[in-house]
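In what follows, a structure is listed as C-alpha cells, so that the remarks can point back to it.
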Number of protein chains: 2
Amino acid sequence: MTVLFSRKCEYALQGILYLAENQEQGNISAEQIASDLSISKDFISKTLQSLVKDGIVISHRGKTGGFSLARDSESISLLEIVLIIDGNGVFESCVLGLPTCGSESPCPVHSKWGPLREASRNMLATTTVSQFNPVESGLVI
Amino acid sequence: MTVLFSRKCEYALQGILYLAENQEQGNISAEQIASDLSISKDFISKTLQSLVKDGIVISHRGKTGGFSLARDSESISLLEIVLIIDGNGVFESCVLGLPTCGSESPCPVHSKWGPLREASRNMLATTTVSQFNPVESGLVI
DNA sequence: ACAAAAACGGACTAATAAGTCCGATTATGA
DNA sequence: TCATAATCGGACTTATTAGTCCGTTTTTGT
C-alpha cells in the first residue's frame, strides 16, 4: 500500500523533483532518472509523458534528448502533479469510504478529517518543485 | 483510489461502526450489515471474520447468529481496526514513496508530512467506536 | 428429527494498478 | 549518410486488490 498517492503519482513527484534538482544538466534521459531513483525506465518514461501533455515537462527526442521542466520550477507545485496523475479524489472522498458522507450527513470522522485534508492539500499547494533545489534555494555554499 | 485505507479496511470500519450503533440488536447478520451499508455480503462477512480472529468482534453461527462487538465499544479505537487490516505502513512510509527517506535523509516534504501523519494517527487513536453511538453518547433524547 | 439460517473456509473470478516490450519516429553527431 | 540514442505509442503481461461462489459446519426453532 502507498500512503496517499498511487505509485505512478509517487514516481511523477520523484521524477519532477529530480528534474528540478538537476536542471543545470539540461535534457535528462528517462534512463538516468530511472537509474538514480531505482525505478523502471519504461514506467517513469510513460509517467513523464503525461506530464508533458499537461505542459509541466518538456521532452526532446533524438540522441541528446530527454526531459526537462517546461516552466519555472518555482511555479510548479506538488499539488499540480498530484491532481494531474491522481485527480482530486483524495481531497474530496470520505476517508471511511462512505458514499453518503458530507456536511449534511457526516461520518464519524468527517469533522476531524476535514482540517487534516485541508492541511495536506495546503502543504502540497505551497510546496514548489524549486523549494528543495540546493542551488536555487541557496542552501549550498 | 481510496483515500488512506484499503477498501477492505474501509468496510471493516464501516462494519464495526454499524455494530456499535446497533448493539442493542444483539447478533447482527452479515446480510443485514451488507444491505444497510450497500456493500457485498460475502466481502463484509470475510472482513468481519478477520476482526473475529483478533478479538474485536464475536461471531455466532446458526439460525439467530451474526456478529457483535467482543469488547466494550469505548475501548475499541478506529486505529486498532486500521492496524489489523492495513498494518502500520501508512504511518511509517514516505509519502512520496522514497525508500531512503527518513530523519537522516529526509525527502522534500518529510518534515511537513510528519505532523500531519501524527495528527491522523492521533485522530484514529482517540476516536472510539462508541463515540458516535447515539444511545451511548447521549446525543439522542 | 428436521428444515432454515447463519458463519466459515477455500477456491475461484473480475477489476484495477503496475510494469514490460517492441516497433516507429525523431534528432544528433561523427 | 548513417549508426546511435532518445521519446512515443500501443499492446501486452504480471501483480495485487476486490469481490464472488459454493459446499460445510453450526445452531435454533418448530
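Just so we're on the same page: letters track the sequence lines, and every chain starts at 1. Predicted, not measured: the structure shown is a model, and the values here were computed from it.
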Problem set entry | Integer-rounded Å distance: C:dA17 P and A:Ile44 CD1 | 18 Å
Problem set entry | Shortest non-hydrogen contact from B:Ile44 toward B:Ala34 | CG2-CB, 4.0 Å
For this session: Would you indicate whether the side-chain heavy atoms of A:Lys41 and A:Gln32 approach each other to under 4.5 Å?
Result: no
Problem set entry | Side chain proximity check, B:Ile76 to B:Ile81, heavy atoms < 4.5 angstrom | yes
Return the polar atom pairs (N/O with N/O) between nucleotides 14-18 of chain D and the protein under 3.5 Å, or none.
residue: D:dA18; atom: OP1; partner: B:Arg7; partner atom: N; Å: 2.9

Exercise. Shared ILVMFWY cluster between B:Ile84 and B:Val82, side chains joined below 4.5 angstrom?
Worked result: yes
For this session: In whole angstrom, give the distance that lies between atom CG of B:Leu48 and atom C1' of C:dA6.
Result: 13 Å
Exercise. Any idea which heavy atoms bring B:Asn27 and B:Ser68 closest together, and the distance?
Worked result: OD1-OG, 3.9 Å
Exercise. Rounded to the nearest Å, what distance is computed from the CG atom of residue A:Leu37 to the C1' atom of nucleotide C:dA18?
Worked result: 17 Å
Problem set entry | Shortest non-hydrogen contact from A:Ala70 toward A:Gly55 | CB-O, 3.3 Å
For this session: Going by the side chain to side chain contact (heavy atoms under 4.5 Å, CB included) test, name the single residue among B:Thr2, B:Asp86, B:Leu13, B:Thr47 that passes it with B:Lys8.
Result: B:Thr47
For this session: In whole angstrom, give the distance that lies between atom CG of B:Asp42 and atom C1' of D:dC21.
Result: 7 Å
Exercise. Distance only, no hydrogens: is a donor on one side chain within 3.5 Å (strictly under) of an acceptor on the other, for B:Ser6 and B:Glu10?
Worked result: no
Give every pair of a protein N or O atom and an N or O atom of nucleotides 4-7 of chain D that lie under 3.5 Å apart, one pair per line with the distance.
residue: D:dA6; atom: O4'; partner: A:Gly62; partner atom: O; Å: 3.1
residue: D:dT7; atom: OP1; partner: A:Ala30; partner atom: N; Å: 2.7
residue: D:dT7; atom: O3'; partner: A:Ser59; partner atom: OG; Å: 3.3
residue: D:dT7; atom: O2; partner: A:Arg61; partner atom: NE; Å: 3.4

Problem set entry | Nearest-Å distance for atom pair NZ/P, residues A:Lys46 and D:dA11 | 11 Å
Exercise. Rounded to the nearest Å, what distance is computed from the CD1 atom of residue A:Ile39 to the C1' atom of nucleotide C:dG19?
Worked result: 12 Å
